[in-house]
Amino acid sequence: MYKGYAGRILRVDLTSRSVKVEPLPDGLALNYLGGTGFASRILWDEVNADTDPLSPENVLIIATGPVNGTAFPPSGRYMMASKSPLTGIWSESHVGGHLGPELKYAGYDMIVVKGRSSEPVYLMIDDDRVEVRDAKNIWGKDTRETVKTLWDELGDRSFKIACIGPAGENLVKISSVISEMGRAAARTGIGAVWGSKRLKAITVRGSRDIEVADPDGFMQLVKESIRMCTEEFFGKAAQDTLGKYGTPCLVEMLNSIGRLPTKNHWTGVFDKASLIGGEAIRSRYRFAQAPCMACVIQCGYISYIRHGKYAGTITKGPEYESIFALGSNCLVSDIEAIIHMNMLCNLYGLDTISTGKTLSWAMECYEHGLLTKDDLDGTELRWGDVEAMIKLIEKIARRDGVGDILAEGAKRASEKIGRGTEKYVIHVKGMEVSGQDPRAHKSAGLSLAIAVRGADHLRALSSIEELGFTQIVADRYGEDKADALSDRLSEEYKGFLIKDIEDLYAITDSLIVCKYGTMWPPIYYFDHFAKLIPLLTGMKEYGDVSYVRLVAERISNLRRCFNVREGITRRDENLPKRFTEEPMPHGPAKGHVCNLEPMLREYYQYRRWDYETGLPYRETLEELGLKDVADELEAMGRVKRREG
Amino acid sequence: MRRTLLIDAEKCTGCRLCELVCSFQHYKVFNPRRSRITVIRDEEKGVFIPMTCLQCEDPPCMKTCPTHAIYRDENGAIRIDYEKCIGCKLCIMYCPFGGISIDPVTMKVIKCDLCGGDPECVKYCPKGAIQYVRVDEVGVKKRIEGAKKIHERIKVIMGGES
């Protein structure tokens, strides 16, 4: 058994309410590392194209990686994966806090949940004691009351708790799972998977050791890594921005480069950005810093509103993505309203990004007369109307009236309503676009188009050219490409870049290390992980950067193959016309559109997949040790052979 | 002069890195339950209080130990002599702060030993919430910290930079 891991998988069948503990196979660690890597293999093996995401047959994975629970920064994280009820394809969502490490201390690297309970239940994990317990008394409660009730029941507040709110229970397709009263695994409607299984919560407490292969070497690297995250150039930058403001520091930074999505991604400049940015929050509402486990960057924080209409509002964050989605995206400049709506979404268990984007879609439709007051249960949904938004957030969570339609997410809602409302849905593969604008940051367009879970900023978004880290670009990719790569408004070499970044994050998401430290600031790269993984696990193979890249590519490919099996082709790897045809109206990127096609073609070339069809080449999969995957896809006619 | 831990709960952000480096220092593993320092956390309101042994001048644990297994070492740390300890847990019961706990792996009584005079938690705390100071300077250090807070308030009130 390799070190770093807890060494066990917990399998839970909610239909029979039975649990089983299995050893973690060494081969899984060696070939797939952890987190998203584990999930890619298990979901490929145990889910198929016929699996309904909300059926008992769908598999819910709650996974950690080998680094979680150690002192390596920043790694207080875990992830969930499944087949998405929102998109019908690959689903994964990552979340920080203390629960992931706690799961390792309890002795489990991963929980694999199947089946459906006849009654609401929660999963109680206390080291070797694992019980599927009755949850009737907490079903219907919001995510804060649920935790408080469970703490009382369990008699110990050191239990780490993740749960769904009413939205997940009601199978809202843009629902989240909320960890520790405010940390969200939100995207792809993962909350509805919990709801469909009638799994209200998991509670975790553990007291086992996490061992590492080379304790002294590992701790030396931890020290060096802490220095990189706090001192040196990027470390200082992280402290001055993320450490001081949290992710809201991005609001003004991105507005200044014309990339703050505003008015349903109509433009990238919000003239009131300073009212909803880092300093606006820090000066009046930032109440406490509340980082993930063992983090030295510490972006996590808590907001509290003392006076006025929203007095008493207390919430984690709001994070940048929530501020954009509920703020500039809906033309809301009232930061107190944004903080309050952030809290509401967390309490109901809603994805703030998809909720904000579904509301902004409805607002734009309302503006153009495609949706009327009658369609919206008497709500006049004008831009920036906070009261209307709050009313609709509540309706979505409860699937009440028009909320029942909006709860399907913007794409499905527009399909139900028709009348040309499809035009204003800003999505990729069924998931609403996050807080980037490809017109002002060209490679972000490719990241969104190719991401395995739909419009996604966390699988392949590159910050190195976005924020002008030219030296890093030159160090990683060579001086010759540096100028073109460093230009965020150029499409050149971006296919090459995004393939590289997607692979880097495949490792990041398997270890599991935070994106703050890899994406931005770009502190760690493959070489650092090649040092880390052998010291941590004892797997010498990972000491070779080319082996780390091989595993990264394997994971990237297997996740993409999951989508190919679901019927995804190159046509789905596309962007909304807003980004490719409507020139950016304002700011530094004024006049720009995103020219996706050449970037996409280059991406496929480096990914070694067929551009015309969007299918993988058998040879590529075989080189990555995925012959069985190629065979299964071939039986469906969904794999290509390289010609001659 | 003996030194002791001076903990400023207002600076603590609850990351628990101190717990991890404590368990690593003593066992070369990561396990917060084996740490001799524990951050008591109110996750909702963001209140975090690190709790550990305060190395009392007149320690109730030492007085109550029936086998005289508790002693003060040359660094001023209150230590346990495991040759004499019978595991009765009276020391845990009499400590007013929860400074002593049970190691869940060995089931032995454990407590802060100041890492032999060079405490790891002090070195790693990202917020500088734990200092290792001369015992006779504890009060002065607290006064300086208090003065800094008042100074900040004055600047805010006078319209200077905060």
Side-chain angles (χ1 to χ4, degrees), chain A residues 3-4 68-74 76 97-98 101-102 104-105 127 144 147-148 157-158 160-161 179-183 205-212 215-216 218-219 222-223 226 229-230 239 243 283 286-298 300-304 314-316, chain B residues 8-35 37-51 98 101-108 110 115 120-129 152 155-156 159 161-162:
Chain A
K3 303 293 184 186
N68 306 120
T70 74
F72 184 86
H98 296 247
E102 198 73 28
K104 297 268 299 276
Y105 304 139
D127 283 327
R144 188 152 60 198
V147 171
K148 289 181 175 175
R157 283 176 153 244
S158 70
K160 310 296 180 289
I161 300 177
S179 242
E180 299 169 83
M181 296 198 282
R183 298 180 175 280
R205 190 174 71 168
S207 64
R208 290 172 165 235
D209 294 342
I210 303 291
E211 295 177 29
V212 295
D216 295 330
F218 178 78
M219 209 53 185
V222 166
K223 274 185 205 160
I226 288 176
C229 291
T230 55
Q239 297 303 318
S283 60
R286 186 183 163 103
F287 183 68
Q289 207 163 356
C292 300
M293 181 126 187
C295 185
V296 295
I297 291 178
Q298 305 208 345
Y301 74 105
I302 294 171
S303 295
Y304 178 60
I314 184 165
T315 180
K316 284 261 167 57
Chain B
D8 186 345
E10 275 191 64
K11 286 185 183 161
C12 177
T13 57
C15 76
R16 300 163 72 209
L17 185 54
C18 53
E19 298 180 17
L20 291 182
V21 297
C22 181
S23 71
F24 187 85
Q25 169 72 11
H26 291 92
Y27 308 101
K28 302 269 180 195
V29 300
F30 297 103
N31 185 349
R33 295 274 161 157
R34 304 182 80 180
S35 169
I37 183 166
T38 300
V39 183
I40 308 302
R41 306 165 67 244
D42 182 334
E43 185 73 19
E44 181 193 4
K45 299 190 179 68
V47 178
F48 307 109
I49 305 173
M51 296 296 288
S101 58
I102 297 284
D103 178 330
V105 177
T106 63
M107 298 311 273
K108 287 191 168 172
I110 52 170
C115 297
E120 288 291 294
C121 54
V122 175
K123 286 188 258 179
Y124 281 89
C125 177
K127 308 307 284 187
E152 289 299 312
K155 279 200 289 190
V156 171
E161 283 194 3
S162 62

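Just so it is clear: chains get the letters A, B, ... in the order the sequence lines come, proteins before strands, and each one is counted from 1. Please read all numbers here as calculations on a predicted model, not as lab measurements.
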[X] versus chain B, heavy atoms under 4.5 Å apart: side chain, backbone, both or neither?
X        : result
A/Met181 : side chain
A/Ser207 : both
A/Gln239 : neither
A/Arg208 : backbone
A/Lys316 : side chain
A/Phe218 : side chain
A/Gln289 : both

Ranking A/Ala294, A/Ala288, A/Pro73 by heavy-atom pairs under 4.5 Å to chain B gives rank one to A/Ala294
Counting heavy-atom pairs under 4.5 Å with chain B, which one of A/Lys104, A/Lys3, A/Lys148 comes out on top? A/Lys148
When the 4.5 angstrom heavy-atom criterion is applied to B/Tyr124 and chain A, the contacting part is side chain
Chain A heavy atoms under 4.5 Å from B/Leu17: which part of the residue, side chain, backbone, both or neither? both
Non-hydrogen side-chain atoms of [X] and [Y] separated by less than 4.5 Å:
X        : Y        : result
B/Lys123 : A/Lys223 : no
B/Glu44  : A/Ile302 : no
A/Ser158 : B/Arg33  : yes
B/Pro32  : A/Met293 : yes
B/Ile40  : A/Arg157 : no

Chain A interface, residue from B/Cys18, B/Cys12, B/Cys15, B/Gly46 that has the most non-hydrogen pairs under 4.5 Å: B/Cys15
Determine the option with the most heavy-atom pairs under 4.5 angstrom with chain A, choosing from B/Val21, B/Val29, B/Asn31. B/Asn31
For the atom pair [atom1] ([X]) and [atom2] ([Y]), what is the distance rounded to the nearest 0.5 Å?
X       : Y        : atom1 : atom2 : value
B/Arg34 : A/Asp209 : CZ    : CG    : 4.5 Å
B/Tyr27 : A/Glu211 : OH    : CD    : 13.5 Å
B/Glu19 : A/His98  : CD    : NE2   : 8.5 Å

